[in-house]
Amino acid sequence: MAAPAVHYRVECADRRAHLFGVSLVVDEPAALQRVALPVWIPGSYLVREFSKNLQNLRATQGRRKLAVRQLDKCTWEIECSPGKPLALRYEVCAYDNSVRTAWLDEDRGFFNGTSLCLQVEDLADSPHHIEIVAPAAPKEGPRWSCATALKATHIDRHGFGKYVASGYDELADSPVEMGAFWSGEFEACGVPHRFVVAGAPASFDGDRLLADTRTVCEAQMRFWHGDKVGKRHGPKPPHDRYVFMLNAVDDGYGGLEHRHSTALICTRRDLPQQGARKQPDGYTTLLGLISHEYFHTWNVKRLRPAEFARHDYSRENYTRLLWLFEGFTSYYDDLLLRRAGLVDDATYLKLLNKTVNQVLQTPGRLVQSVAEASFDAWVKYYRQDEQTPNTTVSYYTKGALVALCIDLTLRAEGKGTLDEVMRLLWNRSEGGPIDEADFTAALEKAGGRSFSKEIARWVHSTDELPVADLLRAHGVATLDDPAQRAQELGLRVAESNGAVQIKAVLRGGAAEQAGFSANDEWIGIELPAARGRPAQGWRITRLDDLALYLGPLKNFTALVARDRRLLRLPVVMPASVTTWRLFAQDAAKLARWLSRI
């Protein structure tokens, strides 16, 4: 007997009010049928309370109206007649123009299933059907189209119509993009891919984006499955289709991975431009984002923490392994751009240099291990405040450096590479859930020895990583460069509209010693009289002004406003604060590391 199905119908109820209308029909409900809306979306580790956007939930069976009783912040119960179809109707306010939630206006629609689709208790593994209804055709301008990685059962030429998912997990993991977007297609190692871009300007070079994205996809498929992937009698990738959904905006950046798709956001200035002799610097960043999210097709969406074998959408799902799944993905996203020939050695080292300095300029690296940072993602990484850099470390950036150290150690010892470790994990787990013991076993297999001491120091303690020594052994030297003014003082600031706003004061820095506090506005400086020069006071509008007014002086008084009070803070500039600069010292050694797969 076929499992009872769940049916959704999604309409653009009122685009000006940003309202989606959703109908849900349960073929065979329970006597006390419970439904719930997720509180988080996998890949973004924060309880976001999507139910706050749900309104006007109503229930019927035939012509009979049923009472809906709310049990908690995201769960409802309906008393109904078992076996007779239950119909629910409700609206969702969609006004979050990010990759995590839902958006609807007159120009564009987007949603994740976790934001719109109530989960039906006890039917999570039943077939889930969804009909996406096309909005009324505009009087002027192009008609909307629809893009999703869900399997179509009956759609029109614009992509609107009926789709099916094997269960709630697949439905929740398949975002939907709607609008008058640009669309292009390509095939990578036999797998059809689609790329849709919303908000692209007339200068956008779609052909360039498709060609470069295809290069990224093929490089990653070969990384995981070898050169024969997709060929006759060769290995097959785990996905048979893929959709990139990119929203180009004036200001924004990010991505969220899914099993057969990804949702991305970037600035319009970062898109490739037709006829440009040199593409925007941000285009390399965009390619790195594309590479990162596509690598997740293997590393996190299939090969994943054991704690994520089955998601619980009602609460936090904790793991100490985000350094492996997000951090290692961050290591490979730029490295695979280099191996694919999309960036050169100098550009790759520049990207790596940025990651190294981000970690070194985070005092929290000496407070929290990267495994602890993974576990605390729900309350620290995704809830950042003025003390975040002092109390925590990013499992993205430090996790990437842990991957770098493991890879370079394996290569220096001549027993293997991190590439082999990742493929061992994939093959041994058959692309399924793993724990830390599985990782250390694969590492020992590839390296020919135990790495328990390295994992204890690099992952579970706050010891500094041996990045400089390992890079030097692979042809990359490190130099000390003078720090920028904010780094020299131990500050993170925002400079806009002629004001210097203090965002964070770093632990142990000159600014902390002087008494600066987050949210201070730095107004000016005072200099004492000296050698015939009278005392002076200067208004500053950016930190670079200090070089002009201080000259060689190391002592001055900062004038700041705090809660409308004016304060004078005595500042003593540190003797020397430096940052790292990486450069290729031995091109042959560097090439062996960067090009070897």
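Keep in mind that this is a model prediction, so the values were computed, not measured. Any value given below was found using the heavy atoms of this structure, including those in side chains, with hydrogens, waters and symmetry copies removed.
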Kindly say whether the aromatic ring centers of Tyr332 and Phe223 come within a distance under 6.0 Å. yes

Give a yes-or-no answer on whether the side chains of Asp520 and Ser517 include a donor-acceptor pair shorter than 3.5 Å. no

So, for Phe244 and Tyr294, is the gap between ring centers shorter than 6.0 Å? yes

Is there a side chain to side chain contact (heavy atoms under 4.5 Å, CB included) between Val421 and Leu410? Walk through the geometry before answering. CA-CA 10 Å; Val421 175; Leu410 288 167; 4.0 Å; yes

Could you give me the CA-CA distance, side-chain angles and deciding distance for Thr392 and Asp376, then say whether side chain to side chain contact (heavy atoms under 4.5 Å, CB included) is met? CA-CA 9 Å; Thr392 189; Asp376 284 341; 5.7 Å; no

Would Trp323 and Phe328 count as a close aromatic pair, with their ring centres under 6.0 Å? yes

Can you run down the salt bridge (charged side-chain N to carboxylate O under 4.0 Å, His left out) pairs that involve residues 569-582, sequence neighbours left out, and say none if there aren't any? Asp481-Arg581

Let me see the working for Arg428 and Asp438 under side chain to side chain contact (heavy atoms under 4.5 Å, CB included), right down to the final yes or no. CA-CA 9 Å; Arg428 285 186 171 190; Asp438 295 316; over 6 Å; no

Going by the angle between their ring planes, with limits at 30° and 60°, are Trp378 and Tyr45 parallel, tilted or perpendicular? perpendicular

Any chance you could lay out the side chain to side chain contact (heavy atoms under 4.5 Å, CB included) test for Leu360 and Arg365, step after step, and finish with the verdict? CA-CA 8 Å; Leu360 292 178; Arg365 77 187 189 283; 4.3 Å; yes

Verify the distance criterion only: is there a donor paired with an acceptor across the side chains of Glu307 and Thr319 at less than 3.5 Å? yes

Judged by modelled atom types alone, do Glu326 and His296 share a side-chain donor-acceptor pair under 3.5 Å? yes

Are Trp224 and Thr297 packed together at the side-chain level, in the sense that at least one heavy-atom pair is separated by less than 4.5 angstrom? no

Can you tell me how far apart OG1 (Thr579) and CG (Asn357) are? Round to the nearest 0.5 Å. 5.0 Å

Salt bridge (charged side-chain N to carboxylate O under 4.0 Å, His left out) filter on Asp345, not counting sequence neighbours, yields Arg338

Please table the atom pairs, donor to acceptor, closer than 3.5 Å between any side-chain atom in residues 246-253 and protein atoms at least two apart or in another chain.
{"unit_1": "Asn247", "atom_1": "ND2", "unit_2": "Asn97", "atom_2": "OD1", "d": "3.0"}
{"unit_1": "Asp250", "atom_1": "OD1", "unit_2": "Arg269", "atom_2": "NH1", "d": "3.4"}

Solution key, residues 199-212 side-chain donor-acceptor pairs under 3.5 Å, sequence neighbours excluded:
{"unit_1": "Asp205", "atom_1": "OD1", "unit_2": "Asp207", "atom_2": "N", "d": "3.3"}
{"unit_1": "Asp205", "atom_1": "OD1", "unit_2": "Arg208", "atom_2": "N", "d": "3.1"}
{"unit_1": "Arg208", "atom_1": "NE", "unit_2": "Asp212", "atom_2": "OD2", "d": "2.7"}
{"unit_1": "Asp212", "atom_1": "OD2", "unit_2": "Tyr283", "atom_2": "OH", "d": "2.7"}

Pairwise salt bridge (charged side-chain N to carboxylate O under 4.0 Å, His left out) hits with a residue in residues 543-559, at least two apart: Arg542-Asp545

Hey, what's the ring geometry for Phe186 with His193, parallel, tilted or perpendicular (30° and 60° as the breaks)? parallel

Scan for ring-ring contact (aromatic ring centres under 6.0 Å, His included) pairs involving residues 520-547, sequence neighbours excluded, and state none if there are none. Phe516-Trp522, Trp538-Tyr549

